[in-house]
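Shown next, in structure tokens, is the structure this report addresses.
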Amino acid sequence: GNTSEDYLRILQNFPTKTAAAYMRVSNPVNSSKLSLTEKGICEDIQCQSEELVIQKQGLYLIYCHLNFHFPNCSNNPTDLKIELLVNGKVNRQTLSTCCASETCQEKTFTTLFQLHLTYLNVKDRISVTLNHPKFLNEISLPNENVLGVLRYSDEM
């Protein structure tokens with residue numbers, strides 16, 4: 001099935017009352033920070049246009065699943081960097097090189113997944129930036145780009 005919808009269904013049926021957010025992300029306008037779309041869930045987390053704002057402190061699982069498309073790969077290595085920001089500062093980052101000569105094709109698709117477990121306080125802001133947002137795949141399948149946050153525990 002649709003992975004994005006499967007994750008959404010799991011979060012909606014989570015057995016305990018806890019904070020959770022699951023938002024689709026899209027290309028920003030004149031920025032490297034990704035925009036959050038309204039489709040998804042937001043329980044006890046404030047969902048703004050570019051940030052998720054924590055309403056209850058605790059241990060949180062943050063994950064980001066992004067798909068990329070390189071229409072003209074042609075042996076030009078490109079370093080993709082995803083940064084998870086907490087209060088505007090890099091808290092976790094992933095770096096991947098795409099379009100390297102041994103893996104290059106005319107059109108290349110790749111997926112990056114980032115997972116992070118961290119303690120967050122009330123009013124902490126979570127966002128995602130990309131160094132090359134133009135390669136974020138929003139058109140062809142798979143194009144499920146999501147940022148998710150799940151309160152794992154209220155203890156450290």
Side-chain angles (χ1 to χ4, degrees), residues 1-73 78-96 98-99 107-152:
N2 185 332
T3 306
S4 177
E5 290 176 5
D6 291 342
Y7 291 148
L8 182 59
R9 201 171 308 110
I10 289 167
L11 288 176
Q12 286 173 331
N13 295 317
F14 202 69
T16 60
K17 291 286 183 186
T18 188
Y22 184 81
M23 303 294 289
R24 287 186 185 246
V25 296
S26 63
N27 266 334
V29 178
N30 300 324
S31 171
S32 62
K33 192 181 285 189
L34 296 181
S35 299
L36 302 175
T37 64
E38 293 183 26
K39 184 177 182 183
I41 62 170
C42 229
E43 298 289 332
D44 290 329
I45 294 177
Q46 185 181 7
C47 298
Q48 299 178 351
S49 63
E50 293 181 338
E51 297 178 320
L52 299 174
V53 182
I54 299 303
Q55 303 297 304
K56 294 180 180 180
Q57 72 179 22
L59 190 61
Y60 282 81
L61 178 66
I62 305 169
Y63 56 95
C64 186
H65 181 227
L66 301 175
N67 294 284
F68 298 92
H69 176 225
F70 299 89
N72 300 309
C73 200
T78 302
D79 289 330
L80 279 180
K81 182 168 62 171
I82 300 173
E83 294 177 329
L84 284 179
L85 306 177
V86 175
N87 299 323
K89 295 181 182 174
V90 176
N91 202 267
R92 178 66 51 120
Q93 66 183 0
T94 299
L95 182 66
S96 180
C98 302
C99 294
K107 293 181 182 179
T108 297
F109 295 88
T110 192
T111 297
L112 294 179
F113 185 77
Q114 191 169 56
L115 195 63
H116 185 45
L117 187 63
T118 189
Y119 189 83
L120 297 172
N121 293 306
V122 175
K123 296 189 180 178
D124 278 351
R125 300 175 332 275
I126 300 161
S127 57
V128 179
T129 62
L130 293 176
N131 63 334
H132 295 294
K134 65 183 176 187
F135 294 123
L136 189 66
N137 180 18
E138 295 182 288
I139 300 168
S140 53
L141 294 174
N143 62 1
E144 299 166 346
N145 301 303
V146 295
L147 172 63
V149 177
L150 179 63
R151 186 165 170 247
Y152 186 74

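- In this structure, the side chains of T111 and H65 come closer than 4.5 Å at one or more pairs of heavy atoms.
- Looking only at atom types and distance, the side chain of N91 has a donor-acceptor partner in the side chain of H116 under 3.5 Å away.
- Partners of K123 according to the side-chain contact (heavy atoms from CB on, under 4.5 Å) rule, which considers only residues two or more places apart in sequence or in another chain, do not exist here.
- The two residues K56 and D44 have their closest heavy-atom pair at NZ-OD2, 3.2 Å.
- Panel note: side chain N137, backbone H69; no donor-acceptor pair is recorded below 3.5 Å.
- V122 has its side chain out of reach of I54: every pair of non-hydrogen atoms, C-beta onward, lies at least 4.5 Å apart.
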*With side chain to side chain contact (heavy atoms under 4.5 Å, CB included) as the test, would you mind laying out the steps for I82 and V128 before giving the verdict?*
CA-CA 7 Å; I82 300 173; V128 179; 3.9 Å; yes
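- Put simply, OG1 on T129 and CD on E50 are 11.0 Å apart, with the number rounded to the nearest 0.5 Å.
- The SG atom of C64 sits 7.5 Å away from atom CG of L130, with the distance rounded to the nearest 0.5 Å.
- Between C98 and L80, the shortest heavy-atom contact is SG-CD1, 3.9 Å.
- L150 and A20 get closest at one heavy-atom pair: CD1-CB, 3.8 Å.
- Taking both residues in full, the closest heavy atoms of L115 and R92 are given as O-NH1, 4.2 Å, listed atom of the first, atom of the second, then distance.
- The shortest side-chain heavy-atom distance between R24 and L36 does not fall under the 4.5 Å cut-off.
- The nearest pair of heavy atoms linking G58 to R151 is CA-NE, 4.3 Å.
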*Evaluate the criterion side chain to side chain contact (heavy atoms under 4.5 Å, CB included) for residue pair L120 and T118; output intermediate values, then yes/no.*
CA-CA 6 Å; L120 297 172; T118 189; 3.9 Å; yes
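- We find the CG-OG distance between L85 and S32 to be 8.0 Å, quoted to the nearest 0.5 Å.
- Residue Q93 holds its CD atom at 9.5 Å from CG of N131, rounded to the nearest 0.5 Å.
- The six-membered or imidazole ring of F135 lies away from that of F68, with a centre-to-centre distance of 6.0 Å or more.
- Nearest heavy atom pair, residue V149 against residue L52, reads CG2-CD1, 3.5 Å.
- Judged as a side-chain contact (heavy atoms from CB on, under 4.5 Å), and not counting sequence neighbours, the contacts of E51 are K33, Q48, R125, S127.
- Residues Y119 and V86 fail the side-chain proximity criterion, which asks for heavy atoms closer than 4.5 Å.
- The side-chain heavy atoms of S35 and S26, taken from C-beta on, include a pair separated by under 4.5 Å.
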*Going through the checks in order, is the side chain to side chain contact (heavy atoms under 4.5 Å, CB included) test met by L34 and L136?*
CA-CA 10 Å; L34 296 181; L136 189 66; 4.0 Å; yes
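- Distance check, rounded to the nearest 0.5 Å: CG of L147 to CD of Q114 gives 10.0 Å.
- Residues V53 and Q55 have side chains in contact (heavy-atom distance under 4.5 Å, counting atoms from C-beta outward).
- Separation of atoms OG1 (T110) and CG (L66) is listed at 10.5 Å; rounding is to 0.5 Å.
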